Engineer: 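Got a structure for you, questions after.
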Amino acid sequence: MPRTIIEPFRIKSVEPIRWTTRAEREQLLRAAHYNLFLLPADDVLIDLLTDSGTGAMSTHQWAAVMEGDESYAGSKSFDHFSSSVREIFGYQHVIPTHQGRAAERILFGIMCKKGDVVPNNTHFDTTRANVEFVGAEAVDCVIPEGRDPRCNHPFKGNMDVAALDELIQRAGPKRVPLVMLTVTNNSGGGQPVSMENVRQVSEVCRKHGIPLYFDACRFAENSYFIKLRESGYATKSPKQIAQEMFGYGDGCTMSAKKDGMANIGGFLCTNNDLLAQQEKDLLILTEGYPTYGGLAGRDLEAIAVGLREALEEDYLRYRIASTAYLGNHVAERGVPIVQRPGGHAVYLDARAFLPHIPPSQFPGVALGAELYLEGGIRSVEIGTLMFGAAAKMDLVRLAIPRRVYTQSHIDYVVEIILEVWKKRESIRGMKVNYEAPFLRHFTARLEPIAG
Ligand SMILES: Cc1ncc(COP(=O)(O)O)c(C=O)c1O
């Protein structure tokens with residue numbers, strides 16, 4: 001096999017991106033209150049804000065879009081969608097939603113109540129917010145290695161099984177309506193969960209009679225990491241690995257904007273008939289009829305094809321290699337990153353990058369602003385602005401949209417990070433001037449602290 005791993009596609013349609021000057025970016029950043037969410041996308045050169053819904057669809061997906069059956073009830077597209085989901089995930093009931101958080105809202109709205117406890121390896125921000133919205137407590141139980149950015153553990157997304165068991169015993173199993181496993185662990189650095197850990201978590205859940213759900217957003221990348229890093233899986237296909245993994249659970253939430261390779265969509269799965277009925281009833285109230293759930297028939301078609309494409313080995317090999325290339329090239333020049341590079345993103349460790357900025361002054365926001373000023377790159381802070389004082393780390397996530405940027409784009413990003421690294425001592429902390437009562441990072445207004 002040649003050493004060079006190339007993009008396993010050729011480009012049929014291009015979307016221009018726009019250069020801005022540093023002076024323009026200074027002005028744009030001020031106008032956006034130093035919150036990169038508030039920047040117009042057209043003023044961003046390389047947009048690594050998220051890998052969610054930002055991927056490029058394949059010719060097969062676009063062809064499937066044309067097959068979309070837009071019937072309100074019983075559309076053919078729903079059959080294509082649900083059989084693709086069932087083939088991979090194996091769950092009995094497949095409930096489409098407009099994106100992942102809608103699946104979360106329905107799941108927690110039906111399964112949880114005030115005073116309940118929901119353990120997860122690490123809750124994503126919308127997952128935590130949806131758990132807390134119904135008055136339940138969201139508890140992160142990732143292994144200690146998962147909280148140490150420099151630790152090289154191959155499965156840093158693993159759940160701390162002893163801590164999980166202890167939490168369930170302390171709270172009492174009746175107060176724990178479900179356990180969740182996020183694959184890969186986005187808020188913990190895009191780190192995978194091993195099959196052995198899935199099995200152990202599932203055993204703890206069975207012992208206490210608690211269902212196990214997956215937050216399955218990046219299930220294909222997680223499956224590929226298992227193939228690469230866990231003994232006994234090298235000869236299995238990513239699809240076989242995904243099937244085995246989901247077999248240990250009782251259901252999942254999914255944002256098809258990630259490993260569904262689509263620009264919108266999600267779903268909720270369960271094996272529980274009673275819950276499925278309640279979930280569908282709620283779905284009708286807020287999302288739509290159960291055969292479209294807030295999506296167009298064409299979206300269902302794109303997801304049906306996308307889920308299968310996400311599991312293709314050529315694609316996953318390139319995907320994981322490209323992300324690792326970015327991470328390893330900055331790390332070898334001393335830039336502190338969360339080791340190892342994740343599946344969908346590289347996470348800069350802003351506390352170590354900017355040790356002179358305390359967490360209360362948002363080092364992740366400051367570093368993200370500087371990457372934009374230096375090279376028009378947009379990233380996202382995952383730290384004190386996002387999680388408040390509960391933040392265990394201050395990270396800047398550079399999420400790579402699927403099949404969008406080429407090797408030269410990645411080389412450019414490496415160059416800009418290294419430029420910012422050289423001038424790190426001059427970067428100042430930030431203060432918040434406005435914040436919303438929840439999920440404040442989306443709309444907060446900030447400014448640099450006068451130095
Ligand atoms: C792990 C995880 N869970 C849930 C979600 C929510 O999905 P959506 O953005 O489709 O609502 C995301 C989105 O980034 C995520 O990364």
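Just so you know, ligand 1 is whichever comes first in the structure, and atom 1 is the first atom listed for that ligand. In what follows, residues are counted from 1 in the order of the sequence shown. Note that the coordinates shown come from a computational prediction; the quantities given were computed from them, not determined experimentally.
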Engineer: Measure the acute angle between the ring planes of Tyr91 and Phe89, then classify it against the limits of 30° and 60° as parallel, tilted or perpendicular.
Structural biologist: tilted

Engineer: Once you restrict to heavy atoms under 4.0 Å, what part of Lys257 touches ligand 1? Side chain, backbone, both or neither.
Structural biologist: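 It is the side chain that touches ligand 1; the backbone stays farther off.
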
Engineer: Nearest protein heavy-atom contact for atom 10 (O) of ligand 1: which residue, which atom, what distance?
Structural biologist: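 The protein heavy atom lying closest is Ser255 OG, 2.6 Å.
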
Engineer: Considering only non-hydrogen protein atoms, determine which one is nearest to atom 6 (C) of ligand 1 and report residue, atom name and distance to 0.1 Å.
Structural biologist: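 Protein heavy atom at minimum distance: Thr126 OG1, 3.5 Å.
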
Engineer: With side chains defined as the heavy atoms from C-beta onward, is the minimum distance between Val193 and Val201 less than 4.5 Å?
Structural biologist: no

Engineer: Does any N or O of ligand 1 fall below 3.5 Å from an N or O anywhere on Gln99, backbone included?
Structural biologist: yes

Engineer: Looking at atom 4 (C) of ligand 1, what's its closest protein heavy atom, distance included?
Structural biologist: Glu104 OE2, 3.0 Å

Engineer: Which of the numbered atoms in ligand 1 are below 4.0 angstrom from a heavy atom of Gly100?
Structural biologist: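 Every atom of ligand 1 under 4.0 Å from some heavy atom of Gly100: 7 (O), 8 (P), 10 (O), 11 (O).
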
Engineer: For residues Phe108 and Phe133, determine if any side-chain heavy atom of one lies less than 4.5 Å from a side-chain heavy atom of the other.
Structural biologist: no

Engineer: Any side-chain heavy-atom pair from Leu326 and Val414 closer than 4.5 angstrom?
Structural biologist: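 They are in contact (side-chain heavy atoms under 4.5 Å apart), so the answer is yes.
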
Engineer: Considering the heavy atoms of Arg218, write down every atom of ligand 1 situated less than 4.0 Å from one of them.
Structural biologist: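 Contacts of ligand 1 toward Arg218, numbered from 1: 1 (C), 15 (C), 16 (O).
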
Engineer: Should Gly266 be listed as contacting ligand 1, given a heavy-atom distance under 4.0 Å as the test?
Structural biologist: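 No heavy atom of Gly266 comes that close to ligand 1.
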
Engineer: Got the closest protein heavy atom to atom 5 (C) of ligand 1, with its distance?
Structural biologist: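 That would be Phe124 CD2, 3.5 Å.
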
Engineer: Quick one: nearest non-hydrogen protein atom to atom 13 (C) of ligand 1, plus distance?
Structural biologist: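 The closest heavy atom on the protein side is Lys258 NZ, 2.4 Å.
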
Engineer: Restricting to salt bridge (Lys or Arg N to Asp or Glu O under 4.0 Å), what partner residues turn up for Arg402, sequence neighbours left out?
Structural biologist: Asp51, Glu221, Asp259

Engineer: As an exercise, identify every atom of ligand 1 less than 4.0 angstrom from a heavy atom of Asn186.
Structural biologist: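 The atoms of ligand 1 under 4.0 Å from a heavy atom of Asn186 are 1 (C), 15 (C), 16 (O).
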
Engineer: Within the 4.0 Å heavy-atom shell around Thr182, which atoms of ligand 1 are there?
Structural biologist: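 That gives atoms 1 (C) of ligand 1.
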
Engineer: State yes or no: are the ring centers of Tyr318 and Phe9 separated by less than 6.0 Å?
Structural biologist: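 Between Tyr318 and Phe9, the centre distance is under 6.0 Å.
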
Engineer: Tell me which protein heavy atom sits closest to atom 3 (N) of ligand 1, plus the residue, atom name and distance to 0.1 Å.
Structural biologist: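 Heavy-atom neighbour on the protein nearest atom 3 (N) of ligand 1: Asp215 OD2, 2.7 Å.
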
Engineer: Apply salt bridge (Lys or Arg N to Asp or Glu O under 4.0 Å) to residues Arg403 and Glu7 and explain how you reach the verdict.
Structural biologist: CA-CA 8 Å; Arg403 305 188 291 207; Glu7 289 87 358; over 6 Å; no

Engineer: Is the closest side-chain heavy-atom distance between Leu275 and Ile110 below 4.5 Å?
Structural biologist: yes

Engineer: Which residue and non-hydrogen atom of the protein lie closest to atom 9 (O) of ligand 1, and at what distance in Å?
Structural biologist: Arg101 NH2, 2.9 Å

Engineer: Do Asp140 and Arg128 sit within salt-bridge range, that is, some charged N less than 4.0 Å from a carboxylate O?
Structural biologist: yes

